[in-house]
Amino acid sequence: MRAALSRDNVRAGLIGGVTVLYLALVGMIERFQDRDVITDVIGLGTLLILIGLAGTGYMASRPPKPRPGRKPVTANPALIGLVAGTTAGVLAGAVILILELLISAGVDVRSVLASVTPGMLSTMEFGLGPVGGALILVGLGAALGAGAGALRLLSDQLRDTVTFTLTAVLLMSLMEPILSAVLDGLSLPDRWLYEGGGLTVLGAVLTVVAAGAGRWFWKEREPQRKEAVALLPADRRTLYRKLAVFAAVAFLVVLPWLVGSFISDVLGTVGLYVLLGLGLNIVVGYAGLLDLGYVAFFAVGAYATGVLTSPASYLVREEGQLFAEKGLTNFWVALPFVVLIAVIIGILIGAPVLRLRGDYLAIVTLGFGEIIRTLVLSDWLAPYLGGAQGLLNVPPPPPEALDLRAPQNVYYLILVFCGIAAFVAWRLSDSRIGRAWAAMREDESVAEAMGVSIIRYKLLAFAMGAGVGSLGGVFFAAKIGSIFPNSFGLLVSINVLSVIILGGLGSIPGVIVGSAVLVGLPELLREFAEFRLLIYGAILVAIMILRPEGLVPNKRRQRELHARDAEAELSVIVTDEATS
Amino acid sequence: MTAPATSSRRLRFERLPLRRIILISLSIAIVYGVVAGSAATLRMGTFTAADWRSLVINGIARGSVYALIAIGYTLVYGILFMINFAHGEVFMSGAYTAFFVAVAFGRSGYLNAHPLVSIGAILIVSMVTSTLVAVILERVAYRPLRGAPRLVPLITAIGASFFLQYTFRGLYGAQARAYPTINVLQGTWTIFGVEILRTQVIVVVAAILLWIALFTFVAKTRTGRSMRAVGEDREIAALMGINVDRTIVATFAIGGALAGAAGILYVFLFNQVIFTMGFFPGIKAFTAAVLGGIGSVTGAAMGGLLLGVLEAVGPNLFLTGVGVPSPNQLQPVVAFGILVLVLIFLPGGFLGAPEEKRA
C-alpha cells in the first residue's frame, strides 16, 4: 500500500487529471461528443474522458525502467492504478465543481475560457449535475484506474486481446463513414451495424466478439505461424509478397466504385498528399534536408499550370479583356514544362542555401515558402498571377472522356502519378544515388571524404522534391479548377511534413498510412477538423519523443535513430555490473 | 573506377561552378535593385524627411520588441544549439493571457485610475505566463530529446508551436481581441523637437531597461555564469558542479519572461491579440537573432533594431521607385529576404562566433 501511494503515482494521477481537463478546456470533449461511438450509449467525448482516466492508471502501473543503482519498487499494479486514477478523478472533479461554483456565483467564465459551455460541463458531469458529476468522476477514476492497472496482472496474451478489442470497437465506430458507404455501394443493408453515425449495440457486441476471438487465436498460433513462415522457401516468399502488392493495387483500383463519389473525393485529396509526401520524403527522408518551404513548389506547380492553360492567363489575354478564347496550351503539354520550371526554381533556390547547416536550412526554406506566398498574393504581381483574386478557369485536362468532374477519375489520375512517384522513389532508395543520400544524411563530412559530392546530391534531392511537389500543384489546380493564394500557406508544408513523420521518414508505405490518417480521417470526421492542427502539433512532438522512426518505419532509418538507445542500454548494463 | 566517358562527363559538370554563378548573379541583382530602387524613390520625392523619420522611429520601436524576443532564441541556441521554434507562441501566450487582466481592470475603471499599477500587474501576469509556458515546454517537449540528432528537436519545436497556438485558440477562442485603451499612453511627446508617439517612447525605453537588466544578469550573477559555462561545454560544466538541468530551465525561464514583456510592448504598439500573433514576430525575432549573430545577447539587440528599421523603411525605399504598387504588402519579403541573405553571406551574423565546423 505504501508503495502504491508513492509520489510518482500521485504525480502520474495529477498529469492524467490535467490531461482530461485540458481536453475539456480546449473544447475537444464537447465537440467530439457530437459523434456517437455506440449510438445512444456512449459518445466520443465521454469515451475520451474514460480513456483519459483509464490511461492514467495504465501508465502509472507500467513496470519501472531499470535504472542503475535504484531498486525497482514493487506494488500491486491494480493498487497503483487505483491511486493514480482516483487522483486524476479528484482533480478533474474538483476543477469542474469550482467552475460550476464560479458560474453560479455570476462570474462570466466563458468570456475567458471560451470552451466552458453548458454542453461541456454536462458531458464532463455525465449529466448528473455538479456534485453528482464530481463524485462520478472520482468514482470512475478509481474504478477505471484500478481496472487498467489490473490489466498488468493478466497474461500477455489476454491483455493484448483486451486492449486490441477495445481499440477495434473505437476504430469500427470511427470508420463509420467509409464502411457504411461501402455497404451502400455493395447494396448491402447497414442498419444492423451503424445507426445515427455510430455503432449499434448489436454492432458493438459483434465487433467485440469478432475482434476478441480473432486476436486471441491469432496470438495463440503466433509461434507456429512464425515458424511456418521461416520455413518457406525464398522464392515462395517473394511470390507471396508480390501477390500481396498486387492485391493492394487491385484494392486501390476498385475502391472508388465501392465508396461513392464523396469518399472518392476524399481519396483524391489523400492521394494528393501522398504525392506531395513522396516528394518531400525524398528531400527530408532520403537526403535528410528539412525543407519547411515545400509549399513553394506546390504553388509553383499550380500557378504555372494556371498561367499556361487558363484562358484568363495574361499570356493569351488581350489588354482590357478578361478571358481569351482558350489558354496557351492544354494540360498535358503544359505538364512537363511546369515540372521543368519547378525543377529550375528548386535549383535556383537550393544552390545558394544548401551549404547551410540543417536547422538554418529549415528556416531559410520556410522563408522562401513565405516569400512565394507573399509574392503571389501581392498587388505587384497581380496582373500576372491574379493577386488576392487568384487565377480562375483552369481547364480540366483533355480529352473530354477523362471527365474530371467525377471524383473517381481525379482519384485514378492521381493514383497513376502516385504509383509512378512511388516506383521512382523505391528504385532510387537503393540505387547509387540513394546510398549517397543515406551516407550524407548520416554523416556529411564522412560522406564527403568518401567522395560523395555533397552539393550535387543535395541539389539533386532538392530538385527531385521540387518536381514531385509541383506535380502535386498541377493536380491540385486541375482538381479545383481555380487557384487562390490562400491555399499555399505554411500549413501545407506542415501538413506534408506531419504526414511523412507520422508514417516514418524514408518509408514509402509510411507516406500512404500518414496521409490516410492525417488527411483522410479529418476530412471524414468533421468533428476533428477544428482540432486538426492541434492534433498535428501533438503528433509531431509525440512521434519525435516516443517513436522517431514513425508508424511504418524504414529499417535503416530506425537503426540510425536508435543507435543512441542501444548505447544507453549498454551503459546501464555496464554500470549495473560495476555496482553489483 | 567507372568508364572514362562517365567520369569525364562528371568532371565537366563539377567544373561548372553553378552555385557560385547563382550566388554572384544574386548579389549583383540585389545590390543593383537596392541602389537603383532607392535612388529612384529619393528622386521621386514621394516621402518627405519627416516621413522617413517617422518610419525610422516606427522601425526602432518594433525593432526593440523583436530584440527582446530574439534574446530568447539566442539564449536557448547559445546553450542547447537548437532553434526554439515555439518561442513566438511563448510570446503570444503571455500577451493573450494578460489581456483578460487588462479587460477586468478596464471594466472596473482601475486601469485609467491607476495606470502604473495596472500596467505593472498586466506585465507581471504576462511575464509569469510566458515563463511558465516556456518552462513546461522545455520539460515536456525538449528535455527528453537532449542529444538527439539536430533536426529532431527542431521538428518537435515546430509541432509544439502549432500545438500551443491551437491550444490557446481552444482555450480563449479564435477571434482577435482589442486591448482596452490606456489613456496615459495616448498622444505624443516632443523629444528634441520631434513629436513621437508616447507608446513608441515607452516601448523603446522599457526594452532598453530590460536589456540592461538581462545583460547584467548574464554577466554578473551565478546563474548567468553557469549559463555561459553550460553553453561553452555542457559536460565540463557538469563536472565543475553546475546543475545543467537547472541552468537550462533558468535559460528558458529568462527567455520566456522577456518574451512575456515583449508581448505587452507589442500590444502597446499594435493593440490587439489573437492566437496566431506569435508566428511572424517569432520568425522575425529569429531573423534578428541570426542577423546579430546567434548566441550573442548584444547581437540580438542590434539585429532586432536593424531588422525593425529595415522592415519599416525598406519596402518604401527600395520598391516605391521601381513602381511596385503597395510596397508595404511586401514587408515579409524584405524580412525573409534579409534572413536568407544573412544566412547565405554571413551565417555567423555581426557578432556571432564564426560558424563552427561541426557541433
Side-chain angles (χ1 to χ4, degrees), chain A residues 22 25-28 111-115 288 290 292 347-348 351-360 362-364 366-368 370-371 373-375 377-380 382 445 453 455-456 459 490 494 497-498 501 530-534 536-545 548 560-561 564, chain B residues 10 13-14 18-19 22-23 26 81-83 100 103 140-141 144-145 147-156 158-167 169-174 279 283 286-287 290 319 324-327 329-333 335-337 339-340 343-344 347 355 357-359:
Chain A
Y22 171 85
L25 291 180
V26 296
M28 268 195 202
S111 71
V112 180
L113 296 171
S115 300
L290 185 56
L292 295 180
I347 291 176
L348 285 182
V353 300
L354 285 176
R355 265 287 157 83
L356 294 175
R357 227 183 28 218
D359 42 3
Y360 278 12
I363 302 289
V364 168
L366 179 122
F368 275 123
E370 282 299 311
I371 288 177
R373 191 184 65 90
T374 318
L375 286 180
L377 194 61
S378 69
D379 290 349
W380 177 38
S445 310
S453 162
I455 285 292
R456 190 154 62 116
L459 259 186
L490 171 71
I494 299 297
L497 185 70
S498 310
I501 282 176
E530 197 179 315
F531 299 102
R532 196 171 170 157
L533 284 158
L534 182 81
Y536 281 15
I539 284 179
L540 283 184
V541 177
I543 288 271
M544 280 296 123
I545 294 177
E560 280 167 39
L561 285 162
R564 195 164 54 101
Chain B
R10 187 174 309 143
F13 180 83
E14 264 162 23
L18 183 62
R19 192 180 121 82
I22 293 177
L23 273 184
L26 183 71
F81 300 103
M82 70 163 283
I83 300 172
F100 298 106
V103 167
V140 174
L145 291 172
R150 221 169 190 159
L151 290 185
V152 170
L154 180 59
I155 293 171
T156 311
I158 294 167
S161 161
F162 281 89
F163 180 76
L164 285 174
Q165 261 186 42
Y166 285 83
T167 295
R169 178 184 190 267
L171 284 178
Y172 296 152
F279 180 72
I283 296 282
F286 174 74
T287 308
V290 173
L319 300 175
V324 174
S326 34
Q329 272 183 345
L330 299 179
Q331 255 182 21
V333 176
F336 288 118
L339 173 65
V340 173
L343 285 179
I344 295 174
E355 182 80 335
K357 257 291 184 218
R358 297 185 50 78

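In what follows, chains are A, B, ... by sequence order, proteins preceding strands, each numbered from 1. No experiment lies behind these values; they were computed from the predicted model shown.
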Can you measure from CG (B:Leu339) to CD1 (A:Ile363) and round to the nearest 0.5 angstrom? 7.5 Å

Once rounded to the nearest 0.5 Å, what's the spacing between atom CG of A:Leu540 and atom CZ of B:Phe162? 9.0 Å

Closest non-hydrogen atoms of A:Val541 and B:Thr156, given as atom of the first, atom of the second and distance, are CG2-O, 3.5 Å

What's the shortest heavy-atom distance between B:Val140 and A:Ile545, and which atoms? O-CD1, 3.5 Å

Under 4.5 Å to a heavy atom of chain B? For A:Leu459 that would be side chain

When you measure from the side chain of A:Ser115 to the backbone N and O of B:Gly170, does any donor-acceptor pair fall under 3.5 Å? yes

Largest heavy-atom contact set with chain B, pairs under 4.5 Å, which of A:Ser111, A:Ala362, A:Gly27: A:Ser111

With a 4.5 angstrom heavy-atom cut-off, which part of A:Ile347 approaches chain B: side chain, backbone, both or neither? both

Pick one of side chain, backbone, both or neither for B:Leu154, based on which atoms fall under 4.5 Å of a heavy atom in chain A. side chain

Tell me, side chain or backbone of A:Arg373 under 4.5 Å from chain B's heavy atoms, or both, or neither? side chain

Considering only heavy atoms from C-beta outward, does the side chain of A:Leu534 approach that of B:Phe163 to under 4.5 Å? yes

Mind ranking B:Val103, B:Ile158, B:Thr167, B:Leu164 by heavy-atom pairs under 4.5 Å with chain A and telling me who comes out on top? B:Thr167

Segment of A:Ser498 engaging chain B (4.5 angstrom heavy-atom cut-off): neither

So which of A:Ile539, A:Leu377, A:Leu366 has the largest heavy-atom pair count under 4.5 angstrom toward chain B? A:Leu366

Cut-off 4.5 Å, heavy atoms of chain B, and the answer for A:Tyr22 is side chain

Measure A:Ile455 against the heavy atoms of chain B and call it side chain, backbone, both or neither at under 4.5 Å. side chain

Taking the side chain as C-beta and beyond, is there a heavy-atom pair between A:Leu490 and B:Phe279 under 4.5 Å? yes

Please look at B:Phe100 and chain A and tell me whether the side chain, the backbone, both or neither of the residue comes under 4.5 angstrom of a heavy atom of that chain. side chain

Determine the option with the most heavy-atom pairs under 4.5 angstrom with chain B, choosing from A:Ile494, A:Val353, A:Leu375. A:Ile494

